[in-house]
Visitor: 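Below you'll find the structure I mean.
Nothing here was measured: the structure is a model prediction, and the numbers come from that model. Proteins come first, then strands; the chains are lettered A, B, ... in the order of their sequence lines, and each starts at number 1.
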There are 2 protein chains.
Amino acid sequence: MTPSVPNRETTDYLESRIRAVGLRPTRQRLALAGLLFQAGHRHVTAEKLHGEAMKRGIRVSLATIYNTLHQFTAAGLLREVVVDTDRSYFDTNMERHHHFFHEDTGLLEDIPSSELELKNLPPLPEGSEISSIDVVIRLSGTRKLPL
Amino acid sequence: MTPSVPNRETTDYLESRIRAVGLRPTRQRLALAGLLFQAGHRHVTAEKLHGEAMKRGIRVSLATIYNTLHQFTAAGLLREVVVDTDRSYFDTNMERHHHFFHEDTGLLEDIPSSELELKNLPPLPEGSEISSIDVVIRLSGTRKLPL
DNA sequence: TCAATATATTAGAATAATTCTAAAAAGGCT
DNA sequence: AGCCTTTTTAGAATTATTCTAATATATTGA
């Protein structure tokens, strides 16, 4: 049946996810959701996502990339990870987890939550509550083989 | 003797710290070191430090603030803490420790290292080594009294 | 102490990521 | 279809930071 319609199911899935958070499934948002959510967990910057979209012939302005990343974040589809003062990173993995950050390449990588635990959390300052706990293990490259 | 020379000892201390890392103890660097290192541990942004300097009548350009913060960081007198994409924070506490970040006020606060521990660090990706481990507990304000 | 040399400071221009603006386009409802 | 709302967008604006190249200050050695 309708053998020439590609990825119907997938598109429906993206559309419903977008609708579910109260946003209109526009061409741009569907395309970006495709890039973000169809290939496992990802870490993107605005510029990189824009580049990818261009490469695939999706016409989206950079302003829309920023709008969409922020709307998705506000909607709980993405989370922002602060690791670099120059660039914002967005993570599609919403489970509780932490990150490796390769300082030389700018690559950001998930650490599965199970592997790392925090012990002995200190008492919080009066009148505040935890919004999130972010652990970043910064890595520097090392030559592969000893000199 | 020389009763009217104020803080001789302190100034000497700052001067020797600056010299010790191979920098010339200029008027600006001495003044900034004074603000940074004479009142316990601090967290500053370039803009805030510049504001403080102005308030005390120290004439320093913002460019010099940036130069100095980076030189002090490279020299191991300061450490940069990445908690905000919009602003760089510098911490005068060089011991191993982590941070509370008050998202509403932008206040950054040390967590003494002893209180918080990390268990079960994951294996590192091949060919990398740890440059630092940064833990940030982000806090949101709460009304002081329950409604 | 003073000149010669190296290093610092600075104003202002330049840069780069991000946000804003307001006008045109697309989505959704009846 | 037609109307109203939400989106997209180009380009201007903003903001933190860096760069530039000209001037000033620190250091060294005679």
Side-chain angles (χ1 to χ4, degrees), chain A residues 11-12 14-35 43-54 57-75 77-78 80-90 106 108, chain B residues 11-12 14-35 43-54 57-75 77-78 80-90 106 108:
Chain A
T11 296
D12 280 359
L14 294 175
E15 175 167 340
S16 64
R17 271 197 97 171
I18 291 173
R19 279 197 203 281
V21 299
L23 295 171
R24 290 182 177 174
T26 61
R27 178 175 61 73
Q28 291 85 338
R29 293 209 269 235
L30 283 167
L32 295 177
L35 294 177
H43 300 93
V44 301
T45 61
E47 209 66 62
K48 271 199 321 179
L49 184 59
H50 188 240
E52 267 182 53
M54 299 284 93
I58 300 163
R59 285 181 19 277
V60 209
S61 72
L62 198 47
T64 296
I65 300 277
Y66 279 105
N67 289 340
T68 303
L69 288 173
H70 287 137
Q71 289 153 352
F72 283 8
T73 299
L77 299 177
L78 290 178
E80 186 174 354
V81 185
V82 179
V83 284
D84 185 331
T85 344
D86 289 346
R87 226 169 306 292
S88 293
Y89 283 79
F90 295 86
L108 189 60
Chain B
T11 295
D12 281 358
L14 294 176
E15 175 167 342
S16 63
R17 272 197 95 172
I18 290 173
R19 279 196 202 283
V21 300
L23 294 171
R24 291 179 175 177
T26 62
R27 177 175 61 71
Q28 292 84 338
R29 294 209 269 234
L30 284 167
L32 295 178
L35 295 176
H43 299 93
V44 301
T45 61
E47 209 65 62
K48 270 199 323 178
L49 184 59
H50 188 240
E52 266 182 54
M54 301 284 93
I58 301 163
R59 285 181 18 278
V60 209
S61 72
L62 199 47
T64 297
I65 299 277
Y66 278 105
N67 289 340
T68 302
L69 288 173
H70 287 139
Q71 290 153 352
F72 283 8
T73 299
L77 300 176
L78 290 178
E80 187 174 354
V81 185
V82 180
V83 284
D84 186 332
T85 346
D86 288 346
R87 227 169 304 292
S88 292
Y89 283 78
F90 295 85
L108 189 61

Visitor: Would you say A/H70 places a side-chain N or O within less than 4.0 Å of OP1 or OP2 belonging to C/dT18?
Guide: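 Result: no.
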Visitor: Do any N or O atoms from the side chain of B/R29 and from the backbone of B/R24 form a donor-acceptor pair under 3.5 angstrom?
Guide: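 Here the side-chain-to-backbone pair exists.
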Visitor: Starting from P on D/dT25, measure out to CG on B/L30 and report it in whole angstrom.
Guide: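 Going from CG in B/L30 over to P in D/dT25 covers 15 Å.
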Visitor: Rounded to whole angstrom units, what separation is found between the CG atom of A/L49 and the P atom of C/dA17?
Guide: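 Distance check: A/L49 CG to C/dA17 P gives 15 Å.
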Visitor: Map B/N67 and B/E47 onto DNA chain D by nearest heavy atom, then report which one ends up closer to the 5' terminus.
Guide: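 Its nucleotide being nearer the 5' end, the pick is B/E47.
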Visitor: Rounded off to whole Å, could you give me the CZ-to-P distance for the A/R29 and C/dG27 pair?
Guide: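 One finds 11 Å between P of C/dG27 and CZ of A/R29, rounded.
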Visitor: Take atom CD1 of A/I65 and atom P of D/dT8, then tell me their distance rounded to the nearest Å.
Guide: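 Nearest whole value for this atom pair: 10 Å.
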Visitor: Rounding to a whole Å, what distance do you find between B/I18:CD1 and D/dT27:P?
Guide: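 So the two atoms are 11 Å apart, to the nearest Å.
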Visitor: Give, for atom CZ of A/R87 and atom CG of A/L108, the distance between the pair rounded to the nearest 0.5 Å.
Guide: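 Here the interatomic distance stands at 12.5 Å.
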Visitor: Rounded to the nearest Å, what distance is computed from the CG atom of residue B/L62 to the C1' atom of nucleotide D/dC19?
Guide: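 Atom CG in B/L62 sits about 14 Å away from atom C1' in D/dC19.
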Visitor: So, is A/S88 near the phosphate of C/dT18, with a side-chain N or O under 4.0 Å from OP1 or OP2?
Guide: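 Checking A/S88 against C/dT18: at least one side-chain N or O falls below 4.0 Å of OP1 or OP2.
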Visitor: Can you measure B/K48 atom NZ to D/dA16 atom C1' for me and round it to whole angstrom units?
Guide: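 Between C1' of D/dA16 and NZ of B/K48: 16 Å.
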Visitor: Please check the phosphate of D/dT18 (OP1 and OP2 only) for any side-chain N or O of B/Y66 closer than 4.0 Å.
Guide: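 Indeed not, no polar side-chain atom of B/Y66 lies that close.
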Visitor: Rounded to whole Å, please give me the gap between NE2 in A/H50 and P in D/dA10.
Guide: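 For the pair A/H50 NE2 and D/dA10 P, the rounded distance is 8 Å.
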Visitor: Within less than 4.0 Å of OP1 or OP2 of D/dT8, is there a side-chain N or O belonging to A/T26?
Guide: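 Yes, A/T26 has a side-chain N/O under 4.0 Å of OP1/OP2 on D/dT8.
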Visitor: Looking only at side-chain N and O atoms, does A/R87 come under 4.0 Å of OP1 or OP2 in C/dA17?
Guide: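 Answer yes for this pair, as a side-chain N or O of A/R87 is under 4.0 Å from OP1 or OP2.
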Visitor: Does A/T64 put a side-chain nitrogen or oxygen below 4.0 Å from OP1 or OP2 of D/dT7?
Guide: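 Answer is no, no contact under 4.0 Å.
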Visitor: Tell me whether B/H50 contacts the main-chain N or O of B/A46 through its side chain, where contact means a donor paired with an acceptor under 3.5 Å.
Guide: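 Here the side-chain-to-backbone pair does not exist.
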Visitor: Does a side-chain N or O of B/Q28 approach OP1 or OP2 of D/dA24 to a distance below 4.0 Å, or not?
Guide: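 So the side-chain polar atoms of B/Q28 never come under 4.0 Å of the phosphate oxygens OP1 or OP2 of D/dA24.
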Visitor: Give a yes/no answer on whether the side chain of A/R19 brings an N or O atom under 4.0 Å of OP1 or OP2 in C/dG28.
Guide: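 Looking at the OP1 and OP2 atoms of C/dG28, one of them is under 4.0 Å from a side-chain N or O of A/R19.
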